[in-house]
Amino acid sequence: MKSGKRAQRGSRPQAATRSDRRTPPSKKSAPSKAWTGRFTETTHALVERFTCSLPFDRRLFEYDILGSLAHCQALEKAGILTRAERRSLMRGLERVRDELRENRFPFADSDEDIHMAVERRLTEIVGPVGGKLHTGRSRNDQVTLDLRLYLREHLQVLQARLQDLQRAFLGQARQHLDVIIPGYTHLQRAQPVSLAHHFLAYVEMLERDIARVRDDFKRVNVMPLGSGALAGNNYPIDRAFTAKLLGFPALTRNSLDGVSDRDYVAETLGVLAIIMMHLSRLSEELVLWASHEFSFVELPDGFCTGSSMLPQKKNPDVPELIRGKTGRVYGHVLSIMTTLKGLPLSYNRDLQEDKEPLFDAMETVIECLTVYAELIRRLRIRRDVLSGTLGSGFLLATELADYLVNKGVPFREAHGIVGQLVRHCLEHRREWQDLSLADLKAASPHFSKDALLFLTLEGAVDRKAQTGGTSRKQVTRQMNAWEARLAKKPKA
Ligand code: ARG
């Protein structure tokens with residue numbers, strides 16, 4: 001994925017919550033909004049607070065300033081700014097950026113959003129020329145530019161984290177090719193599979209997630225600036241030049257759509273929800289597998305907590321929390337879809353409600369992926385328990401039916417014969433390995449000595465030898481292919 005220069009340094013964005021709203025701006029100041037010319041009274045304090053988006057959109061400051069720096073250059077190219085004015089504005093913007101980065105930006109009560117705050121402060125620093133920055137631009141095209149820049153960066157982080165989790169699974173697969181586990185359908189024992197095969201199933205899911213992220217990225221990576229408030233703008237601003245400066249390969253083609261499109265937010269949230277759905281399935285499995293009843297795995301101590309009352313407890317909090325956070329991310333999908341469904345063209349203030357769900361979902365998913373990669377790397381497989389548990393549950397019943405098929409018995413008939421053998425075993429509390437050749441022969445004359453050889457777990461696994469099957473040969477092929485693929489750098 002290609003994007004312009006990295007805009008944000010180091011600092012991990014914090015999650016946006018409603019309670020952020022209660023954080024008061026750091027400094028009081030008399031509102032001096034040049035653009036409020038048509039009003040006869042100042043904004044009511046309640047409304048100022050109610051409409052303010054700063055508690056959550058301040059995290060867009062890097063992108064906002066990046067966009068403004070490019071806009072300054074486009075304004076100079078269009079002959080709207082002199083070189084000296086452009087330089088003064090750019091230097092001023094860099095100073096504002098430093099103040100924001102270093103947490104010493106003097107926010108004012110009158111700052112409605114990050115765009116107003118930056119422009120107000122810029123004008124304080126550079127003087128009246130600050131008032132020229134917003135020429136040919138509206139906050140409507142500015143805010144969607146900022147969001148697209150935010151997303152370009154975060155979608156790349158997301159892709160890297162998805163790949164890291166794939167690597168963690170691949171590492172586990174490599175170490176456990178020879179470990180056989182019961183495979184389940186309906187959570188009932190079905191057929192033996194290689195544990196490596198099981199881990200690679202998650203690598204496949206994550207690969208589809210990555211493909212969705214990359215596809216979404218294409219629609220995010222379009223430059224909306226120049227759409228103005230809704231109709232375009234009156235200046236000879238070279239939009240392609242701005243796009244090039246910011247690393248966008250395409251321009252929005254319709255200004256009404258340019259300012260009001262949030263499909264890319266909805267789409268991103270959908271992509272994030274599917275990732276969480278996968279992580280939640282993994283969580284469910286880990287919670288089960290770590291339970292005393294299964295005991296297939298042991299979660300790393302550093303990723304569990306104890307109970308304040310029950311001394312023996314080691315709780316799988318991380319998988320549980322990730323499963324729980326899935327509901328939260330799903331909620332954000334419904335939130336954006338509902339916000340958008342009633343909006344006439346073009347910009348409507350409702351659109352300000354796109355940010356909190358998006359930021360919260362993005363940051364939640366990135367965090368979940370990061371934690372899971374570390375947990376999976378440290379997951380301990382209980383080989384002892386697994387090997388002890390495979391004898392029960394008739395995991396090899398289908399093998400025996402397939403044996404009969406090889407001897408010319410139609411599959412349906414073979415299925416019936418083996419079913420009766422299972423019933424016999426259940427009635428006499430016997431397992432497969434307790435059966436003698438005579439028992440088998442009593443069920444069908446087609447059984448002969450080699451039938452007992454057919455009844456091994458390894459044989460059952462390795463006979464699934466087509467593409468996609470669990471044979472060790474196939475799984476090794478898949479692991480090699482993944483290894484080669486994951487060694488490569490992510491492509492644009
Ligand atoms: N804070 C606004 C948002 O997030 C920015 C755009 C406001 N535009 C306007 N005309 N009030 O959507």
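Quick note: numbers below take in every heavy atom, side chains included, and nothing from hydrogens, waters or symmetry partners. Each ligand, and each atom within it, is numbered from 1 in the order the structure gives.
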message = Please identify which of these residues, L170, L165, L282, L279, meets the side-chain contact (heavy atoms from CB on, under 4.5 Å) condition with Y202.
response = L282
task = Give a yes/no verdict on a cation-pi contact between R97 and F61, requiring under 6.0 Å between NZ or CZ and the six-membered ring centre and an angle within 45° of the axis.
result = no
request  = Name all residues meeting the side chain to side chain contact (heavy atoms under 4.5 Å, CB included) criterion together with D164; count only those two or more places apart in sequence or in a different chain, and write none if there are none.
outcome  = R167, A373, R377
Just the distances, no angles: every ligand 1 N or O to protein N or O pair closer than 3.5 Å, one line each.
| residue | atom | partner | partner atom | Å |
| --- | --- | --- | --- | --- |
| ligand 1 | 1 (N) | S53 | OG | 3.4 |
| ligand 1 | 1 (N) | D113 | OD2 | 3.2 |
| ligand 1 | 1 (N) | Q352 | OE1 | 2.8 |
| ligand 1 | 4 (O) | K355 | NZ | 2.5 |
| ligand 1 | 8 (N) | N140 | OD1 | 2.9 |
| ligand 1 | 10 (N) | N140 | OD1 | 3.2 |
| ligand 1 | 12 (O) | Y347 | OH | 2.4 |

query = Does R219 have any salt bridge (charged side-chain N to carboxylate O under 4.0 Å, His left out) partners at least two apart in sequence or in another chain, and if so, which?
reply = D215, E267
Presence of salt bridge, R349 and E112, under 4.0 angstrom = yes
ask   = Looking at residues at least two apart in the chain, or sitting in another chain, which of them share a salt bridge (charged side-chain N to carboxylate O under 4.0 Å, His left out) with E124?
value = R120, R121
